[in-house]
Amino acid sequence: MHARRVVLNSRPGKNGEPSPGNFRLEQITLTPDLKDGQVLVRTLYLSVDPYMRCRMNEDTGADYLGPWELSECVDGGGVGVVETSRCSALAEGDVVTSFNWPWQTHAVMMGSSLQKVDSQMVDGHLSYFLGPVGATGLTALLGVREKGHVTKGANQTMVVSGAAGACGSLAGQIGRLDGCARVVGICGSNEKCRALVEDLGFTAAINYRSEDVSARLKEICPDGIDVYFDNVGGSISEAIIEQMNRGGHVILCGQISQYNKDVPYPPPLSDKTQEILQSRSITREKFMALSYMSKSEAALFELSQLVKSAQIKVLETVVNGIENMGVAFCSMMKGGNIGKQIVKISD
């Protein structure tokens, strides 16, 4: 049978922004004969995420992330349905997901590399397995819980950068549910600011493109900042850390503002910011959900309940068609999405 796939056509130049031309669409033929343990899957949804920018480089800068190879099929988070199975654990019609799903319309995969999921966990919104009830949700929930030290009744203020993105939009809501008195989001448009406050229940939002972040933080957070969920790094993070209280906590989740630059991860901080962290005993440790996989099952169940009961609202930006993977990825890297950027491949 025929399928279409996306391969890495070229790498961005040094310190370069990715472009849709870095990806190429190809037609392939899949063998109809499955080996023992294999399944044929039809892809429903694929995820594009900021960490993928690191995989476009020859060296990802992270030992747990392999680079995408030139002229090879790209992969990432995906969800699909089993069409044919020679794997005893999976039957035709099962919904499955994986972190390493090939960007293909159909694919032959080892059943052992797939995780079967129950569509009732997401009330049938299968794309949510790539967002709030998947790796993104785990990162937000476990990041806040393991590194944020939020205490109910302690009148804490949390700031989230990249707040209208997939992870930030969830992290802010979790901070609020866990007891933060104030949750402030930083994002890049007035439309995003409105969504954070009106749809997601953030206390306030700051548009970093049109407002003075430092001045606005002083107004909105008169008692300083206790918890910072950092998705962006760079000058915005330094402005936020400058207003953090003694004993505060930085949840170091991502550094999207730095991903097009040739710097190590996490990128180095200025001397001034280092001095603030040390003198005020502020913790700032790299956070990865992968380090807490023993807690993932309980966390996913909790996220499912929060989403189904509408205590967590889900924002998604959906693009249709495998031919638009590169466009969707590049748009997401420039902040073109509100919530999780998803590409719908088939019904």
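By the 6.0 Å contact criterion, OH on Tyr208 is enclosed, its count of non-hydrogen atoms from other residues, nucleotides or ligands being greater than 12. Within a 6.0 Å radius of CD in Glu219, more than 12 heavy atoms belonging to other residues, nucleotides or ligands are found. Counting non-hydrogen atoms of other residues, nucleotides and ligands closer than 6.0 Å to CD of Glu92 gives a total of 12 or fewer. Other residues, nucleotides and ligands contribute more than 12 heavy atoms inside 6.0 Å of the NZ atom of Lys308. The 12-atom threshold is exceeded at CD of Gln27, counting heavy atoms of other residues, nucleotides or ligands nearer than 6.0 Å. Within a 6.0 Å radius of CG in Asp118, other residues, nucleotides and ligands contribute more than 12 heavy atoms.
No donor-acceptor distance shorter than 3.5 angstrom exists from the side chain of Asp94 to the backbone of Leu90, with no hydrogens or angles considered. In this structure a side-chain-to-backbone donor-acceptor pair under 3.5 Å is missing from Lys218 to Val213. The backbone N or O of Lys35 lies less than 3.5 Å from a partner atom in the side chain of Gln38, making a donor-acceptor pair. A donor-acceptor pair under 3.5 Å links the side-chain atoms of Thr317 to the main chain of Ile338, judged by distance alone. In this structure, the side chain of Glu238 engages the main chain of Ser270 through a donor-acceptor pair within 3.5 Å. Under a 3.5 Å cut-off, the side chain of Arg55 and the backbone N or O of Val74 do not form any donor-acceptor pair. Under the 3.5 Å distance criterion, the side-chain polar atoms of Thr136 are left unmatched by any main-chain donor or acceptor of Pro132. Judged by distance alone, the side chain of Thr60 and the main-chain N or O of Cys54 form no donor-acceptor pair under 3.5 Å. Looking at Ser304, its side chain never comes within 3.5 Å of a backbone N or O of Leu300 through a donor-acceptor pair. Without hydrogens or angle criteria, Gln104 side chain to His106 main chain gives a donor-acceptor distance under 3.5 Å.
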Quiz item: How far apart are the C-alpha atoms of Cys187 and Leu196, what are their side-chain angles, what is the distance that settles it, and do they pass the side chain to side chain contact (heavy atoms under 4.5 Å, CB included) test?
Solution: CA-CA 9 Å; Cys187 58; Leu196 291 178; 3.9 Å; yes
Exercise. Please test Tyr228 against Ile251 for side chain to side chain contact (heavy atoms under 4.5 Å, CB included), starting from the C-alpha separation and ending with a verdict.
Key: CA-CA 6 Å; Tyr228 170 38; Ile251 304 161; over 6 Å; no
Quiz item: Can you list the steps and then say if Ile186 with Val160 is a side chain to side chain contact (heavy atoms under 4.5 Å, CB included)?
Solution: CA-CA 6 Å; Ile186 316 276; Val160 183; over 6 Å; no
Quiz item: Would Asp36 and Arg86 count as a salt bridge (charged side-chain N to carboxylate O under 4.0 Å, His left out) if you check the C-alpha gap in whole Å, the side-chain angles of each, and the deciding distance to 0.1 Å?
Solution: CA-CA 5 Å; Asp36 276 344; Arg86 285 198 59 191; 2.4 Å; yes
Practice problem: Might you work through the side chain to side chain contact (heavy atoms under 4.5 Å, CB included) test for Leu315 and Lys340, ending with a clear yes or no? | Solution: CA-CA 6 Å; Leu315 301 180; Lys340 179 77 180 179; over 6 Å; no
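Glu83 places none of its side-chain heavy atoms less than 4.5 Å from the side chain of Val41. Taking the side chain as every heavy atom from C-beta outward, Gln258 and Val232 never approach each other to under 4.5 Å. In this structure, Met56 and Phe23 have side chains that are in contact, with non-hydrogen atoms separated by less than 4.5 Å. Between Gln156 and Thr151, some side-chain heavy-atom pair lies under the 4.5 Å cut-off. The shortest distance between side-chain heavy atoms of Val343 and Asn320 does not fall below 4.5 Å. Annotation: side chain of Arg4 is not in contact with side chain of Glu26 (no heavy-atom distance under 4.5 Å). The side-chain heavy atoms of Ile345 and Leu44, taken from C-beta on, include no pair separated by under 4.5 Å. In this structure, Asn155 and Asp226 have side chains that are not in contact, with every pair of non-hydrogen atoms separated by 4.5 Å or more.
By the 4.0 Å N-to-carboxylate-O rule, Arg145 lies close enough to Asp178 to be salt-bridged with it.
Side chains of Asn207 and Asn190: a donor-acceptor N/O pair is present below 3.5 angstrom, by distance only. In this model, a donor atom of one side chain and an acceptor atom of the other lie less than 3.5 Å apart for Ser346 and Arg42. The closest side-chain donor-acceptor pair between Asp230 and Ser237 falls under 3.5 angstrom. There is no side-chain donor-acceptor pair under 3.5 Å between Tyr51 and Asp49. There is no side-chain donor-acceptor pair under 3.5 Å between Glu191 and Ser189.
Phe129 and Tyr45 have their aromatic ring centers separated by at least 6.0 angstrom. A centroid separation of less than 6.0 Å is found between the aromatic rings of Tyr292 and Phe287.
Under the 4.5 Å side-chain heavy-atom criterion for grouping Ile, Leu, Val, Met, Phe, Trp and Tyr, Ile28 is not connected to Trp103 through any hydrophobic cluster. Under the 4.5 Å side-chain contact rule for hydrophobic residues, Phe329 and Leu70 share a cluster. Follow the hydrophobic side-chain contacts under 4.5 Å out from Val79 and you reach Leu138 in the same cluster. There is a path of hydrophobic side-chain contacts, each under 4.5 Å, that joins Val250 to Met288. Two different hydrophobic clusters hold Val197 and Leu200 under the rule that ILVMFWY side chains link at heavy-atom gaps under 4.5 Å.
The line from CD of Gln341 to CE of Met333 is 12.5 Å long, rounded to the nearest 0.5 Å. Rounded to the nearest 0.5 angstrom, Asn337 CG and Met332 CE are separated by 7.0 Å. Note that CG of Leu252 and NZ of Lys147 are 9.5 Å apart. Values are rounded to the nearest 0.5 Å. To the nearest 0.5 Å, atoms NZ (Lys344) and CG (Leu46) are separated by 13.0 Å. One finds the SG atom of Cys180 at 11.0 Å from the CD1 atom of Ile174 (value rounded to the nearest 0.5 Å). Here the CG atom belonging to Leu303 is positioned 8.0 Å from the CG atom belonging to Leu142, to the nearest 0.5 angstrom.
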